[in-house]
Undergrad: 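The structure is given below, and queries will be raised subsequently.
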Amino acid sequence: MSEKVRVRFAPSPTGPLHIGGVRTALFNYLFAKQSGGQFILRIEDTDQSRYVEGAENYIVETLNWLNIPFDEGIGKEGNYGPYRQSERKNMYRQFAEQLIKTGNAYYAFDNAEELAFHRKNHEEKGKTFIYNWHNRLKLTNSISLPKEEVDKRITNGDDYVIRFKMYHLDEGSDKEITTKDLIRGNVSFKKALLDDKVLFKSDGMPTYHLANIVDDHFMKISHVIRGEEWLPSVPLHIELYKSLGWEIPKFAHLPLIMKPTGKGKLSKRDGDKMGFPVFPIQWNTKDGDVFAGYREDGYFPETVINMLALLGWNPGTEQEIFSLDELTKSFDLKRVNKGGARFDPEKTKWFQHHYLQTKNDAALTSLFSKLLVQKGIKNDKHLSQIIKLLKERSSFITDFWEQGSFFFEAPKSYNEKAAKKAFKEKTPQLLSKALSLLEECDDFSSENLTEKIKGWITENEIGFGNVMMPLRLALVGKMRGPDVFKIAAILGKKEVSSRITSLIAFLS
């Protein structure tokens, strides 16, 4: 194994990538970049029955959108490819056979019906069926059968799997497999309690366990950083490395991402139930179902990266806002928590609000103009001014439309509750006078309009609410939005006159 840091993200293309998987990719990326190492993408598609078309492209698109691209992988061939397990399948069998020759694996001929019988039999006795040293000699395999019969079955083409012999009968029952996890410290497993996992299936494909070990060895992976759900696989993987005479990489198992309630692992179904995305980008199924993604919901890549980084990792300081460069410098596996990290959708929105505030107006103008085009509205020369007015209260580009659609469309109705409060007997007369004053203004700046109208109100002791509330309703249709004279200045004299005239007609 090379001394250089080489880590891999190895998802299965069985559907959209859950944000838990994205966090695994991010932590691998940060660890590699901090060490000047390499981040590899490997597609683990040995289970062809679960392969979903489009999933592989989805994974690559996600990493690119988040600005955490891989150094080696699909389309970026390095010296250790191919990077799809299905394209490497011819190399796995030799290592399964090697393990048989060294007595560390064996052929098992038990069919599905036989195994189902044993499971049921154990269940009826209140036990759990485990295929291991307790019952190998009672089952149908190359340990219990004479060599002649084993050879005959193989020659006849009988179906079989290859199982790893986890525990040898000459070992003590207290024999433990111990390793140091970079996050959890020393972890130990009693060897006698483990089962004999299948390494090679009857369809001629390796299981995850064998393919994973072989690929990590030949791709010179130095550190295996993966989710907590793979922790029970550690003893098997360690024993496989030892049995094949290979150096064992360092392991680090990341904590689970929990539901917002803190109870249970965040699942792919929780997003729809609780109203937030659990996928990085939108996923469309063949059946026409659409699953929301952070990208399509308007979140910035920086938001998602910052949110995921703090799910299970903390910098040891009060800092919460991190750019990708800052994360790369600060990230440390020693500061990853062992316990599950509770997902907080509101915190994600808080990050999103921060990153929108930090974007320059030119970038926001470009993004907002694309949204307006989708709505059939031509670009407006005042877009940057509108964004300045709305930015502070916005978190998403869509908020600019939700808060400021009146800049582009005149009100078609007036908020009923506000109208009851604002519209009085003298309102048409007051609006007509305000309209005359506004039409006299050659300087239609917000400062001049403010001075003109407020001066008139004060001088005539009219009461600000009697004029300002109807005026806002005329321009906006609701009692919301920024300073009414700033709105008027952006709309321009012609549009302001048209909207006030429409309200006067409505009141008449």
Undergrad: Between Phe408 and Phe400, does the ring centroid distance fall short of 6.0 Å?
TA: no

Undergrad: Is atom CD of Glu451 surrounded by more than 12 heavy atoms (other residues, nucleotides or ligands) closer than 6.0 Å?
TA: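 No, because the 6.0 Å sphere around CD of Glu451 holds 12 heavy atoms or fewer from other groups.
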
Undergrad: Do Arg8 and Leu41 touch side chain to side chain, with heavy atoms closer than 4.5 Å?
TA: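 No - every pair of side-chain heavy atoms lies 4.5 Å or more apart.
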
Undergrad: Do the numbers put Lys347 on top of the ring of Phe351, so that NZ or CZ is under 6.0 Å from the six-membered ring centre and no more than 45° off the axis?
TA: yes

Undergrad: Centres of the Trp246 and Phe95 rings: under 6.0 Å?
TA: yes

Undergrad: Would you confirm whether Asp443, through its side chain, and Ser445, through its main-chain N or O, come within 3.5 Å as a donor-acceptor pair?
TA: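 Present.
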
Undergrad: With side chains defined as the heavy atoms from C-beta onward, is the minimum distance between Leu193 and Ile130 less than 4.5 Å?
TA: no

Undergrad: Report the C-alpha distance between Leu449 and Cys441 in whole Å, list the side-chain angles of each, state the deciding distance to 0.1 Å, and finish with yes or no for side-chain contact (heavy atoms from CB on, under 4.5 Å).
TA: CA-CA 8 Å; Leu449 298 180; Cys441 293; 4.0 Å; yes

Undergrad: Taking Arg226's backbone N and O only, do any of them form a donor-acceptor pair with Thr24's side chain (distance below 3.5 Å, no angle check)?
TA: no

Undergrad: Only counting residues at least two apart or in another chain, list the ones meeting ring pair (Phe, Tyr, Trp, His ring centres under 6.0 Å) with Phe70.
TA: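 Per chain and number, Phe70 pairs via ring pair (Phe, Tyr, Trp, His ring centres under 6.0 Å) with no residue.
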
Undergrad: Could you walk me through whether Leu231 and Asp181 satisfy the side-chain contact (heavy atoms from CB on, under 4.5 Å) test, starting with their C-alpha distance in whole Å, then the side-chain angles of each, then the deciding distance to 0.1 Å, before giving a yes or no?
TA: CA-CA 9 Å; Leu231 192 58; Asp181 188 281; 4.2 Å; yes

Undergrad: Does any non-hydrogen side-chain atom of Val60 lie less than 4.5 Å from one of Pro69?
TA: no

Undergrad: If we only count heavy atoms from C-beta on, is the Glu72 to Phe39 side-chain gap below 4.5 Å?
TA: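 Counting from C-beta outward, Glu72 and Phe39 never come under 4.5 Å.
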
Undergrad: Test side-chain contact (heavy atoms from CB on, under 4.5 Å) on Ile43 and Tyr83 and set out the steps.
TA: CA-CA 6 Å; Ile43 301 297; Tyr83 295 90; over 6 Å; no

Undergrad: Over all heavy atoms of both residues, which pair between Pro255 and Gly312 is shortest? Give the atoms and the distance, please.
TA: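 Minimum heavy-atom separation between Pro255 and Gly312: CG-CA, 4.1 Å.
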
Undergrad: Which donor-acceptor pairs under 3.5 Å do side chains of residues 469-478 form with protein atoms, sequence neighbours excluded?
TA:
{"unit_1": "Arg472", "atom_1": "NH1", "unit_2": "Arg480", "atom_2": "O", "d": "2.9"}
{"unit_1": "Arg472", "atom_1": "NH1", "unit_2": "Gly481", "atom_2": "O", "d": "3.3"}
{"unit_1": "Arg472", "atom_1": "NH1", "unit_2": "Pro482", "atom_2": "O", "d": "2.9"}
{"unit_1": "Arg472", "atom_1": "NH2", "unit_2": "Pro482", "atom_2": "O", "d": "3.0"}

Undergrad: Whether the side chain of Thr317 engages the backbone of Gln319 through a donor-acceptor N/O pair (distance < 3.5 Å, no angle test) should be reported.
TA: yes

Undergrad: Determine which pairs satisfy salt bridge (charged side-chain N to carboxylate O under 4.0 Å, His left out) with at least one residue from residues 291-300, sequence neighbours left out, and list them in order.
TA: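 Non-adjacent pairs meeting salt bridge (charged side-chain N to carboxylate O under 4.0 Å, His left out): Glu61-Arg295.
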
Undergrad: Please name the pair of heavy atoms, one in Ala32 and one in Val5, separated by the smallest distance, quoted to 0.1 Å.
TA: CA-CG1, 4.2 Å

Undergrad: Side-chain contact test, heavy atoms from C-beta onward, threshold under 4.5 Å: evaluate it for Tyr58 versus Ile281 and give yes or no.
TA: yes

Undergrad: Hey, would you say the Trp230 and Tyr208 ring centroids sit under 6.0 Å apart?
TA: yes

Undergrad: Any Lys/Arg nitrogen of Lys191 or Glu176 sitting under 4.0 Å from an Asp/Glu carboxylate oxygen of the other?
TA: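 No, this pair does not count.
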
Undergrad: Is a side-chain donor or acceptor of Asp195 paired with a backbone partner of Asn132 at a separation under 3.5 angstrom?
TA: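 It does not hold such a pair.
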
Undergrad: Using modelled atom types only, decide if a donor and an acceptor are shared between the side chain of Ser12 and the backbone of Asp45 within a distance under 3.5 Å.
TA: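 Absent.
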
Undergrad: Once rounded to the nearest 0.5 Å, what's the spacing between atom NZ of Lys190 and atom CD1 of Ile177?
TA: 12.5 Å

Undergrad: Taking Asp270 for its side chain and Lys259 for its backbone only, find out whether a donor-acceptor pair lies under 3.5 Å.
TA: no

Undergrad: Verify, without hydrogens or angle tests, whether Arg342 (side chain) and Gly262 (backbone) share a donor-acceptor contact under 3.5 angstrom.
TA: no

Undergrad: Step through the shown structure and confirm whether more than 12 heavy atoms of other residues, nucleotides or ligands are within 6.0 Å of NZ on Lys265.
TA: no

Undergrad: Within the structure provided, determine whether Leu194 and Tyr167 are in side-chain contact (heavy-atom separation under 4.5 Å).
TA: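 No. Closest side-chain heavy atoms not under 4.5 Å.
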
Undergrad: Tyr80 ring centre to Arg42 NZ or CZ under 6.0 Å, with the angle to the axis within 45°?
TA: no

Undergrad: Please check if any side-chain donor atom of His382 sits under 3.5 Å from a side-chain acceptor atom of Gln385, or the reverse.
TA: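 Yes - a donor-acceptor pair under 3.5 Å links their side chains.
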
Undergrad: What I'd like to find out is whether the side chain of Gln352 reaches to under 4.5 Å of the side chain of Glu302, using heavy atoms alone.
TA: no

Undergrad: Do you know the tightest heavy-atom contact between Leu26 and Leu308?
TA: CD2-CB, 4.0 Å

Undergrad: Enumerate the residue pairs fulfilling salt bridge (charged side-chain N to carboxylate O under 4.0 Å, His left out) with a member in residues 390-413, sequence neighbours excluded, ordered by first and then second residue.
TA: Asp361-Lys391

Undergrad: To the closest 0.5 Å, what do you measure between CG (Leu66) and CZ (Phe300)?
TA: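 Nearest 0.5 Å value for the CG-CZ distance: 14.0 Å.
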
Undergrad: Would a 4.5 Å heavy-atom cut-off, applied to side chains only, mark Glu346 and Lys349 as touching?
TA: yes

Undergrad: Please report whether the ring centroid of Tyr29 lies less than 6.0 Å from that of Phe9.
TA: no

Undergrad: Run the side-chain contact (heavy atoms from CB on, under 4.5 Å) test on Asn306 and Thr348 for me, step by step, so that the C-alpha distance in whole Å, both residues' side-chain angles and the decisive distance to 0.1 Å come before the verdict.
TA: CA-CA 9 Å; Asn306 205 150; Thr348 310; over 6 Å; no

Undergrad: What's the separation between atom CD1 in Ile68 and atom CG in Asn28, rounded to the nearest 0.5 Å?
TA: 9.5 Å

Undergrad: Is it true that Lys329 and Glu326 have a side-chain N and a carboxylate O under 4.0 angstrom from each other?
TA: no

Undergrad: For residues 23-36, pull every pair meeting salt bridge (charged side-chain N to carboxylate O under 4.0 Å, His left out), keeping only residues two or more places apart or in separate chains.
TA: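 Qualifying pairs, neighbours excluded: Lys33-Asp71.
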
Undergrad: Is there a donor in the side chain of Asp215 and an acceptor in the side chain of Tyr92, or the other way round, less than 3.5 Å apart?
TA: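 Short answer, yes.
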
Undergrad: Search all heavy atoms of Thr14 against all heavy atoms of Val52 and return the closest pair with its distance.
TA: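 Nearest heavy atoms, Thr14 then Val52: O-CG2, 3.3 Å.
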
Undergrad: Please round to the nearest 0.5 Å and tell me the distance separating atom OG of Ser395 and atom CD of Gln357.
TA: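 Atom-to-atom, Ser395:OG and Gln357:CD are 7.0 Å apart.
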
Undergrad: Enter the distance from Ile487:CD1 to Leu389:CG here, rounded to the nearest 0.5 Å.
TA: 7.5 Å

Undergrad: Kindly say whether Val187 contributes a backbone atom to a donor-acceptor pair with the side chain of Lys180 at under 3.5 angstrom?
TA: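 No, the answer is negative, given that no donor and acceptor are paired below the 3.5 Å cut-off.
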
Undergrad: Nearest 0.5 Å, please: how far is OG1 in Thr365 from CG in Asn360?
TA: 8.5 Å

Undergrad: Please indicate whether Lys421 has more than 12 foreign heavy atoms, meaning atoms of other residues, nucleotides or ligands, lying under 6.0 Å from its NZ.
TA: no

Undergrad: For Pro301, is there any backbone N or O sitting under 3.5 Å from a side-chain donor or acceptor partner on Tyr294?
TA: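 Checked: no pair found.
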
Undergrad: Taking salt bridge (Lys or Arg N to Asp or Glu O under 4.0 Å) as the definition, give me every residue that meets it alongside Lys338, ordered by chain and number, with sequence neighbours left out.
TA: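 Per chain and number, Lys338 pairs via salt bridge (Lys or Arg N to Asp or Glu O under 4.0 Å) with no residue.
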
Undergrad: Closest heavy-atom contact between Ile19 and Pro280?
TA: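 The answer is CG2-N, 4.3 Å.
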
Undergrad: Determine yes or no for a side-chain-to-main-chain donor-acceptor pair under 3.5 angstrom, with His217 supplying the side chain and Tyr241 the backbone.
TA: no

Undergrad: How close do Thr458 and Phe464 get, heavy atom to heavy atom, and via which atoms?
TA: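 Taking every non-hydrogen atom into account, OG1-CZ, 3.6 Å.
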
Undergrad: Looking at His223 versus Phe31, is the centre-to-centre ring distance below 6.0 Å?
TA: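 Yes: the rings meet the under 6.0 Å criterion.
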
Undergrad: Ring centres of Phe27 and Trp313 under 6.0 Å apart?
TA: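 Distance test on ring centres: not under 6.0 Å, no.
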
